[in-house]
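In listed order, ligands and their atoms are each counted from 1. Side chains are part of it too, since the values below use all heavy atoms of this structure and drop only hydrogens, waters and symmetry mates.
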Amino acid sequence: MTRILMTGSLGQIGTELIALLRTKYGKENVIGTDLESPNEELEDLGPYQRLDVTDHTAIATAVELYNVDWLVHNASLLSASGERNPRLAMDVNIRGFEYAIEAAKEYNLRILTPSSMAAFGPSTPRLNTPDVTIMRPNTIYGVSKVYIELLGEYYHSKWGVDFRSLRYPGIISSGIMPEGGTTDYAVDIFYEALKQKTYECFLKPDATLPMMYMPDCLKGTLQLLEADNANLISRVFNVAAFSFSPGEIAAEIQIHIPDFEITYNPDFRQILAESWPQSLSDTNARAQWNWMPDYTLSMMVEDMLEKLAAKLEIEYLSGSE
Ligand code: SER
């Protein structure tokens with residue numbers, strides 16, 4: 001039976017990914033860890049312990065204690081938080097990964113750590129960006145992701161560590177809110193559209209970025225985690241679903257909430273968005289482990305509005321009905 005340890009299990013992706021892994025591999029076999037202290041509610045969902053990834057022995061100690069086979073290392077500061085506190089981003093994203101990959105080597109673990117479209121930079125070709133291209137990010141978040149990718153590949157080629165990574169686009173979900181990212185607007189906008197019918201966006205109307213709905217993010221992550229190692233020629237993969245700008249998502253929401261209005265007040269995050277691709281090519285993921293997203297932009301918008309309206313107990317009249 002596979003046993004899995006996850007760092008960052010209380011984050012936007014971790015929360016939903018750990019629930020899926022517990023359904024698949026058994027509640028007792030998937031150990032969640034994050035900065036929060038354990039409580040009854042968390043422990044009810046499955047084994048959980050507090051773990052700070054910047055503590056150099058913490059990951060290895062937990063790996064040994066729970067006798068795990070796979071490490072899903074999700075703990076990370078996102079792009080905007082990283083720019084606000086680069087030193088902390090280096091500690092969490094860079095040092096944290098070094099401790100994780102070292103534990104993977106020592107205990108012979110499969111390790112999956114997310115990368116991001118933010119690993120690309122302003123000199124990267126922005127349309128249909130391939131897996132291998134110019135990578136000179138200008139954020140500490142992007143720098144940390146390039147480092148993670150290269151160090152993971154190095155551990156793989158030098159010591160045979162089974163390292164795997166996906167470059168996520170912006171992830172949109174109706175569960176836990178993302179925190180400290182540039183693509184967070186694409187989640188916030190739904191809450192504000194339902195609650196206030198107005199939203200002030202911190203990006204410009206035409207800031208197009210690659211995005212993905214959480215069910216596809218979970219599906220892809222699980223597919224890569226479970227993929228037969230023999231089929232993997234690469235270790236790091238772009239994954240794509242759709243791209244949109246703030247103007248385009250606002251128009252899509254207006255189909256359902258016609259009196260919704262968006263205004264724009266771009267801040268430093270606009271510069272970050274401008275440094276990233278507008279669309280990603282994911283041909284390697286499709287070829288090597290059968291990646292294929294299910295959700296289109298309009299399907300995602302419809303589902304988000306439905307789920308959030310239920311969560312917020314707000315009734316809304318869909319203009320498309
Ligand atoms: N969602 C991330 C961010 O905005 C990018 O991968 O920081």
Side-chain angles (χ1 to χ4, degrees), residues 8 10-17 72-86 88-90 92-94 96-97 112-122 124 126 129 131 135-149 165-191 201-204 207-214 216-218 220-221 224 236-246 249 266-282 285 293 300 304:
L10 300 181
Q12 182 201 13
I13 297 173
T15 309
E16 299 201 34
L17 184 59
V72 179
H73 180 58
N74 271 352
S76 175
L77 256 68
L78 292 184
S79 58
S81 302
E83 290 318 292
R84 290 189 187 109
N85 196 343
L88 183 64
M90 286 162 74
V92 174
N93 298 14
I94 295 178
F97 179 71
L112 184 139
T113 301
S115 184
S116 161
M117 62 167 168
F120 299 112
T124 303
R126 295 189 76 198
T129 307
D131 278 351
M135 304 197 70
R136 301 189 62 79
N138 58 3
T139 62
I140 192 63
Y141 178 64
V143 169
S144 73
K145 290 302 186 188
V146 172
Y147 178 70
I148 282 167
E149 292 183 5
S165 183
L166 311 88
R167 289 191 191 122
Y168 292 136
I171 304 297
I172 298 156
S173 69
S174 56
I176 301 286
M177 303 279 281
E179 227 185 87
T182 300
T183 56
D184 294 7
Y185 93 84
V187 176
D188 297 343
I189 194 170
F190 286 97
Y191 285 86
C201 186
F202 54 74
L203 298 183
K204 290 183 184 169
T208 300
L209 289 169
M211 300 277 184
M212 182 181 288
Y213 196 30
M214 183 61 92
D216 279 331
C217 170
L218 296 176
T221 307
L224 180 59
V236 180
F237 299 87
N238 287 355
V239 281
F242 41 74
S243 294
F244 59 76
S245 65
I249 186 141
D267 65 16
F268 75 100
R269 288 168 283 191
Q270 172 63 26
I271 314 286
L272 275 53
E274 278 170 24
S275 76
W276 299 340
Q278 296 192 327
S279 57
L280 300 170
S281 164
D282 57 9
M300 177 276 286
M304 274 293 280

When only distance counts, is D184 in polar contact with ligand 1, meaning an N/O pair under 3.5 Å? no
Quick one: look up the protein heavy atom nearest atom 7 (O) of ligand 1 and list residue, atom name and how far away it is. S79 OG, 2.6 Å
Atom 4 (O) of ligand 1 - nearest protein heavy atom and its distance: T182 N, 2.6 Å
Would you call R126 and W276 a side-chain contact if the rule is heavy atoms closer than 4.5 Å? no
Consider side chain to side chain contact (heavy atoms under 4.5 Å, CB included). Of V143, L77, I140, which one does P86 pass it with? I140
Working to the nearest 0.5 angstrom, can you tell me the gap between N238 CG and D282 CG? 7.0 Å
Pull out every atom of ligand 1 sitting under 4.0 Å from any heavy atom of L78, numbered as shown with elements. 7 (O)
Within the 4.0 Å heavy-atom shell around S116, which atoms of ligand 1 are there? 5 (C), 6 (O)
Among all protein non-hydrogen atoms, which one is nearest to atom 1 (N) of ligand 1, and what is the separation to 0.1 Å? T183 OG1, 2.8 Å
Would V72 and L17 satisfy side chain to side chain contact (heavy atoms under 4.5 Å, CB included), going step by step from the backbone distance to the final call? CA-CA 10 Å; V72 179; L17 184 59; 4.0 Å; yes
For residues F268 and E83, determine if any side-chain heavy atom of one lies less than 4.5 Å from a side-chain heavy atom of the other. yes
With atoms numbered from 1 as shown, which atoms in ligand 1 lie under 4.0 angstrom from a non-hydrogen atom of Y141? 5 (C), 6 (O), 7 (O)
Let me confirm one number: the CG-OH distance from L209 to Y185, rounded to the nearest 0.5 Å. 6.5 Å
Short N/O distance, under 3.5 Å, between W276 and ligand 1? no
